[in-house]
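The figures that follow rest on heavy atoms only: side chains count, while hydrogens, waters and symmetry mates do not.
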Amino acid sequence: MTALLASTVRNTHFGIGTVLGLVLLTSIVVGIWAFIDAAMKPRQAFNAVGVSKARWMVGIAVTVLVLGPIGGAIALYYLAIIRPKVDAH
């Protein structure tokens, strides 16, 4: 069984490049989702929470494009922490 699993893993040809590519692709997709979500929210809702809509949109776009996975993490932070607060207003 272990030999079968080892040969299956070996034959999938997943290298570090593939993993990094998937992480980058995921970061881009999450960044696009967060950017579109922020764009569709009214500016007043962001102001009510005490954050800037423009700063979040620019921050998400720039960090995803320049820093890749770090930008994806920032986009996730927006979706998990900031978005619920904005939606509440």
Shared hydrophobic cluster for Leu24 and Leu20 (ILVMFWY, side-chain gaps under 4.5 Å): no

Could you state whether Trp33 and Met40 fall into the same hydrophobic cluster, counting links through intermediate Ile, Leu, Val, Met, Phe, Trp or Tyr residues with side-chain heavy atoms under 4.5 angstrom apart? yes

Does Val64 share a hydrophobic cluster with Leu22, counting links as ILVMFWY side-chain heavy atoms below 4.5 Å and allowing steps through other members? no

Just wondering, do Asp37 and Tyr78 contact through their side chains at under 4.5 Å, heavy atoms? yes

Nearest heavy-atom pair of Lys85 and Val49: which atoms, and what distance? O-CG2, 3.5 Å

Can you pull out every side-chain hydrogen bond (donor to acceptor under 3.5 Å, both in side chains) where at least one residue sits in residues 43-67? Sequence neighbours excluded, please. none

Closest non-hydrogen atoms of Ala75 and Gly31, given as atom of the first, atom of the second and distance, are CB-CA, 3.8 Å

Say whether Val62 and Phe35 are linked into one hydrophobic cluster, either directly or through other cluster members, by side-chain heavy-atom distances under 4.5 angstrom. yes

Taking all atoms of both residues into account, what is the closest heavy-atom pair of Gly68 and Ser27, and its distance? O-CB, 3.7 Å

Do Met57 and Val29 belong together in a cluster built from hydrophobic side chains that touch within less than 4.5 Å? no

Look up atom CZ in Arg83 and atom CZ in Phe46, then write down how far apart they are to the nearest 0.5 Å. 10.5 Å

Working to the nearest 0.5 angstrom, can you tell me the gap between Ile60 CD1 and Leu79 CG? 7.0 Å

